[in-house]
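Worksheet: one structure, shown below.
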Amino acid sequence: MTIIPAWAARAATIFFSNRHKRQEAMKKLKTVCSLLTLGRLDYEEAWKIQQAVAAARRCGDTGDTLMLVEHNHTITVGRAGSECNILASEKTLREQGVKVIEVDRGGDVTYHGPGQIVGYPILDLRGYGQDLHRYIRLLEEVIIKTLACYGLKGYREPGLTGVWTAAGKIAAIGIGARNWVSMHGFALNVNPDMRYFGLINPCGITDRPVVSLHGLGIEAGPGEVAACLARQFAEVFAVTYRPGRAARRLVT
């Protein structure tokens with residue numbers, strides 16, 4: 001039996017007690033964030049929710065919020081977008097039930113649909129460096145860490161926004177901000193019908209393929225991936241989710 005001297009026992013007690021206090025202090029420093037998992041919504045409905053939450057955030061009536069949602073088939077055209085990157089005719093889009101909506105985010109043309117997790121962080125960016133380029137890099141880091149959870153290597157492509165794998169682009173990012181409160185966000189392809197990407201030049205890019213987790217052999221569903229995304233978002237942005245808030249489950 002090893003006998004620990006009294007002074008060593010006291011030192012160990014003080015050390016672990018102080019470490020516990022430091023950990024508790026670090027937790028208290030984290031920003032509190034609401035997490036809303038909204039299921040599948042038409043793009044317009046989710047956009048109205050975004051606008052309402054962002055307006056409340058700018059007024060200080062609510063805190064930071066992360067919205068996670070799936071959309072019905074939609075093509076969005078950003079501020080830098082060109083309808084020349086929509087390859088399908090209006091008749092084809094109508095027959096396939098695809099809406100086309102112009103939005104106030106950065107970027108070009110993007111497809112959203114079932115099986116794709118879309119994240120809308122509504123944050124006061126003054127608490128996260130007040131730098132839009134840094135913010136985009138943080139969003140990319142959330143996706144990269146999420147892919148790593150499934151054994152996949154994601155990376156940034158110089159000069160391009162989003163997250164890539166060796167097989168192609170797996171996540172698109174397009175943001176907007178007003179008075180430093182962010183809107184729009186990212187879209188991660190989990191298991192969408194990839195044929196819909198053939199209706200557009202995704203993000204205006206014509207020479208790079210688009211891929212999904214399912215296409216890379218990952219069988220996880222949108223609900224599981226959304227939960228992983230939320231965990232990685234909390235880690236990268238150093239937030240803790242507000243307890244006791246009701247949220248609809250993400251379903252397909």
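Quick caveat, the model's predicted, so the values are computed rather than measured.
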In terms of side-chain geometry, is the basic nitrogen of [X] or [Y] positioned less than 4.0 Å from the acidic oxygen of its partner?
{"X": "R137", "Y": "E140", "answer": "yes"}
{"X": "E102", "Y": "R79", "answer": "no"}
{"X": "R208", "Y": "E157", "answer": "yes"}

Could you tell me which non-hydrogen atom of [X] sits nearest to which non-hydrogen atom of [Y], and how far apart they are?
{"X": "A230", "Y": "L68", "result": "CB-CD1, 4.3 Å"}
{"X": "H112", "Y": "A187", "result": "CE1-CB, 3.7 Å"}
{"X": "E44", "Y": "I101", "result": "CD-CD1, 3.7 Å"}
{"X": "E70", "Y": "P222", "result": "OE2-CB, 3.9 Å"}
{"X": "L132", "Y": "A177", "result": "CD2-CB, 4.1 Å"}
{"X": "A46", "Y": "M67", "result": "O-CE, 3.9 Å"}

Problem - Test of ring centre spacing under 6.0 Å for Y135 and Y128 - result: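 No - the distance between ring centres of Y135 and Y128 does not fall below the 6.0 Å cut-off.
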Exercise for the section: Could you give me the CA-CA distance, side-chain angles and deciding distance for Q116 and Y196, then say whether side-chain hydrogen bond (donor to acceptor under 3.5 Å, both in side chains) is met? Expected result: CA-CA 12 Å; Q116 180 192 71; Y196 282 87; over 6 Å; no
For the atom pair [atom1] ([X]) and [atom2] ([Y]), what is the distance rounded to the nearest 0.5 Å?
{"X": "D42", "Y": "N72", "atom1": "CG", "atom2": "CG", "result": "5.0 Å"}
{"X": "L188", "Y": "L147", "atom1": "CG", "atom2": "CG", "result": "6.0 Å"}
{"X": "L199", "Y": "F197", "atom1": "CG", "atom2": "CZ", "result": "10.0 Å"}
{"X": "I175", "Y": "S182", "atom1": "CD1", "atom2": "OG", "result": "7.5 Å"}
{"X": "T110", "Y": "I200", "atom1": "OG1", "atom2": "CD1", "result": "6.0 Å"}
{"X": "N85", "Y": "D108", "atom1": "CG", "atom2": "CG", "result": "4.5 Å"}

Problem - Audit row: E95, K91, salt bridge (charged side-chain N to carboxylate O under 4.0 Å, His left out) steps and yes/no - result: CA-CA 6 Å; E95 289 173 348; K91 180 176 182 290; 2.5 Å; yes
Practice task
Show your working on side-chain contact (heavy atoms from CB on, under 4.5 Å) between H184 and T76 and close with a plain yes or no.
Solution key: CA-CA 11 Å; H184 303 288; T76 62; over 6 Å; no
Problem - CA sep, side-chain torsions, deciding dist, call: V210, N189, side-chain contact (heavy atoms from CB on, under 4.5 Å) - result: CA-CA 9 Å; V210 178; N189 301 325; 3.4 Å; yes
Is there a path of hydrophobic side-chain contacts, each under 4.5 Å between heavy atoms of I/L/V/M/F/W/Y residues, joining [Y] to [X]?
{"X": "I75", "Y": "Y120", "value": "no"}
{"X": "V109", "Y": "I173", "value": "no"}
{"X": "Y111", "Y": "I117", "value": "no"}
{"X": "L213", "Y": "L139", "value": "yes"}
{"X": "M194", "Y": "Y150", "value": "no"}

Handout entry: Stepwise side-chain contact (heavy atoms from CB on, under 4.5 Å) test for R242 and V32
Key = CA-CA 6 Å; R242 189 185 306 277; V32 176; 3.8 Å; yes
Handout entry: Under 3.5 Å side-chain donor-acceptor pair for T62 and R57
Key =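 Not at all, the side chains of T62 and R57 share no donor-acceptor pair under 3.5 Å.
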Exercise for the section: Go through the side-chain N and O atoms of D193 and H73 and say whether any donor and acceptor fall under 3.5 Å apart. Expected result: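 Looking only at side-chain atoms, H73 and D193 do not form any donor-acceptor pair under 3.5 Å.
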Handout entry: Sidechain-backbone polar pair: T146 side chain, V142 backbone, donor-acceptor under 3.5 Å
Key =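 Indeed, once roles are kept as given, a pair shorter than 3.5 Å links the two residues.
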Handout entry: Check: D124 and R58 side chains under 4.5 Å, non-hydrogen atoms
Key =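 No; the side chains remain at least 4.5 Å from each other.
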Exercise for the section: Look at the rings of Y241 and F233 and say which category their plane angle falls in: under 30° parallel, 30 to 60° tilted, over 60° perpendicular. Expected result: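 Answer is parallel, since the angle falls under 30°.
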Exercise for the section: In sequence, state the C-alpha distance, the side-chain angles, and the governing distance for V118 and F186, and then conclude on side-chain contact (heavy atoms from CB on, under 4.5 Å). Expected result: CA-CA 6 Å; V118 183; F186 58 83; over 6 Å; no
Handout entry: Ring-face cation of R156 near W164 (centre distance under 6.0 Å, axis angle within 45°)
Key =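 No; the conditions do not both hold, so R156 does not lie above the ring face of W164.
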